[in-house]
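The block underneath contains the structure these notes are about, expressed in structure tokens.
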Amino acid sequence: MCGIVGYIGEENATGIIIEGLKKLEYRGYDSSGIALCTKENKLLVRKKKGRIANLEKMIKGEDLTANLGIGHTRWATHGAPSDVNAHPHTDMSGKIAVVHNGIIENFMELKKELTEKHGVEFKSETDTEVVANLIGVCYEEEKDLEAAVYKALKRVRGSYGLGVVCADEPDKLVAARKDSPLIIGLGKRGNFIASDIPAVLKYCRQIYLLENNEMAVIKENDVKIYDADHKEVQREVFNVTWDADAAEKEGYEHFMLKEIHEQPDGIRDTLVRRMDDDGEIVLDGINLTKEDIENFDKVYIVACGTAYHAGLIGKYAIEKLAKISVEVDVASEFRYRDPFIDDKTLFIAISQSGETLDTLAALREAKKKGARVLSVVNVVGSSVARESDDVFYTWAGPEIAVASTKAYTTQLVCMYMIGLYMGRKKGIVSDETYRKYIDELMAVPEKVSKILDQEEKIADIAKKLYTKNGVFYIGRGIDSAVSYEGSLKLKEISYINSFAIAAGELKHGTIALIEQGTLVIAIATQDKLFEKMLSNIKEVKARGAFVMAVAKEGNTAIEEESNEVIYIPQCMDEITPLLSIVPLQLFAYYVARNRGCDIDKPKNLAKSVTVE
Ligand code: F6R
């Protein structure tokens with residue numbers, strides 16, 4: 001959620017840093033700031049609550065020329081969003097500035113010590129100012145920034161991605177990481193630090209991924225990385241192959257819409273890249289042998305939000321294809337119920353960003369208990385990926401909009417592939433079943449495109465319904481799992497109170513809320529449950545509901561019971577979620593658009609949730 005950018009080089013750092021911060025806006029933030037070290041050994045700090053545009057307005061006309069600087073977009077954790085709580089934070093001497101992502105767990109204890117022993121007077125409520133002052137105190141003792149940061153970090157407990165500069169040493173930028181991502185970009189006219197690659201992509205494609213407990217000293221023409229014992233380590237350069245343009249809107253009004261439209265490609269890529277010439281699934285980077293798979297007696301899928309909803313579908317797919325019991329849990333709950341996990345457990349973590357702290361913490365807990373950890377992740381080199389035994393990358397490409405769309409559908413593809421792969425290795429998926437699934441999956445991109453062709457119709461329906469206040473999503477079987485995701489999409493971007501429930505559960509209480517004009521979105525794609533869904537639709541219609549249904553082409557009986565119907569192409573029941581979610585994403589998008597919402601950056605939300 002918070003973003004870090006730093007630069008040292010021949011150019012003026014101010015513009016580069018602000019531009020980099022803008023590339024990270026999608027992560028969500030509530031204030032931004034910049035600290036610059038001038039050649040005259042001056043430290044200039046400017047920070048402002050709200051959008052980066054506010055900061056730009058503040059510094060407009062000022063001469064902020066410097067070749068070294070750090071910048072930050074903050075998403076409040078300790079202390080409310082405000083100018084004073086915004087980063088960078090400085091030490092008491094005003095020489096050292098720090099930007100920080102993460103949470104310092106022992107900040108209260110350090111704050112007390114700094115106040116009582118060193119007379120530090122704190123200006124903000126943040127844990128970061130504590131770090132800045134701790135480094136400041138160590139700098140007094142060491143008279144060297146690198147040594148001071150190293151010494152200070154020995155005292156810190158918690159997570160951090162850090163960028164540190166000192167007015168007395170304008171030739172270097174010191175960076176460190178623990179449980180919060182940080183990369184070093186190697187440019188032609190200087191070097192960079194950033195919490196995310198898009199921030200520096202305009203200037204460099206060669207990067208170093210900083211590992212946990214490492215720190216780095218970055219100069220204009222030199223980068224040195226040190227391990228936890230301050231021994232220099234060599235790091236391979238990671239070449240970024242994806243295009244900076246992939247992170248731009250390409251003519252769409254919002255990233256979310258662009259990403260909805262990218263789903264045919266993302267699904268195809270995720271699928272095709274794992275298929276050999278004979279149509280067999282080859283899971284690159286995954287070393288699950290037949291023996292490993294036969295050894296598992298249960299699977300846990302753990303994730304948050306949309307990724308959790310993908311896990312719900314994963315349960316259906318893996319149980320059916322691999323005949324193994326699957327439990328799905330939200331990551332924030334998982335750790336607190338002492339789950340029964342051992343070396344016979346396959347733990348699957350699903351995460352677009354790979355940085356969601358709840359998911360990461362659950363993964364660590366499972367690993368501690370002996371589980372084999374397989375992760376399904378979109379961001380290459382992210383923390384979840386790095387801490388897993390095996391990684392199954394989704395090929396969705398960078399997802400910028402806060403509301404997840406293409407990550408979800410590519411995660412679903414992974415779920416089917418994992419189920420098929422495990423079932424195949426166990427010898428329980430026949431050639432015929434396997435072929436059928438593969439053929440059906442391969443046809444999905446084309447079918448998603450056909451649904452996208454109905455965009456105008458869906459936009460028209462949204463135009464009629466966008467003023468609704470409470471919306472219910474219902475479905476049976478695998479459709480009920482899709483209804484959760486449809487409902488989440490609507491509520492997070494349109495702020496409409498929406499609720500998803502298994503259709504058969506309605507009559508046990510929730511139906512009391514259905515009244516004249518209530519919007520009910522019924523997902524009715526399962527042939528074997530179709531009649532039952534029609535009955536549920538009748539129940540809500542009888543109480544005055546306005547029903548928008550999603551059904552398979554040909555199941556026209558639904559038109560008599562519903563006010564609006566959106567059809568998806570025919571396909572096997574088991575894979576309908578890959579299709580039925582698409583009209584729900586578009587519907588949520590157009591409802592939010594009609595309501596004038598900030599679609600790509602909904603209020604209170606961040607793209608990557610790196611706090612518990
Ligand atoms: C909703 C959404 C969130 C994320 C959740 C997990 O559209 O994006 O619910 O799915 O925060 O994030 P990742 O997948 O990055 O772990």
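Whatever order the structure lists them in is the order used to number ligands and atoms, beginning at 1.
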For [atom], find the nearest protein heavy atom and state the residue, atom name and distance (0.1 Å precision).
atom: atom 6 (C) of ligand 1; answer: C304 O, 3.3 Å
atom: atom 3 (C) of ligand 1; answer: T306 N, 4.0 Å
atom: atom 11 (O) of ligand 1; answer: V609 CG2, 4.2 Å

Kindly say whether A317 contributes a backbone atom to a donor-acceptor pair with the side chain of E574 at under 3.5 angstrom?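 No; zero donor-acceptor contacts below 3.5 Å.
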
Which ligand 1 atoms does [X] reach within 4.0 Å, using its non-hydrogen atoms?
X: Q352; answer: 13 (P), 14 (O), 15 (O), 16 (O)
X: A403; answer: 7 (O)
X: A307; answer: 10 (O), 14 (O)
X: S353; answer: 13 (P), 15 (O), 16 (O)
X: E492; answer: 1 (C), 7 (O)
X: S351; answer: 13 (P), 14 (O), 15 (O), 16 (O)

Touching ligand 1 at all, K489? Heavy atoms, strictly under 4.0 Å?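 The answer is yes, since K489 has a heavy atom less than 4.0 Å from ligand 1.
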
Close approach of V384 to ligand 1, heavy atoms, under 4.0 angstrom: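 So V384 does not count as touching ligand 1.
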
[X]/[Y] ion pair, N-O < 4.0 Å:
X: K23; Y: E19; result: no
X: E387; Y: R364; result: yes
X: K368; Y: E365; result: yes

Nearest-0.5 Å distance that lies between atom CD in E125 and atom CG in N85: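 Result: 4.5 Å between the selected atoms.
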
Could you state the interatomic distance from CD1 (I324) to CD (E319), rounded to the nearest 0.5 Å?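 The CD atom of E319 is 9.5 Å from CD1 of I324, to the nearest 0.5 Å.
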
Excluding sequence neighbours, so at least two apart, what forms ring-ring contact (aromatic ring centres under 6.0 Å, His included) with Y589?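 Here the qualifying residues are H254.
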
Considering V379, N378, T356, which one's heavy-atom position lies nearest to atom 16 (O) of ligand 1?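 Result: the heavy atom closest to atom 16 (O) of ligand 1 is in T356.
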
Quick check: F392 with Y421 (ring centres under 6.0 Å apart)?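 No: the rings miss the under 6.0 Å criterion.
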
Report yes if I350 has an N/O atom closer than 3.5 Å to an N/O atom of ligand 1; otherwise report no.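 Between I350 and ligand 1, no N or O pair is found under 3.5 Å apart.
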
Test log, rule salt bridge (Lys or Arg N to Asp or Glu O under 4.0 Å), inputs K406 and D265: CA-CA 9 Å; K406 60 178 183 170; D265 286 345; over 6 Å; no

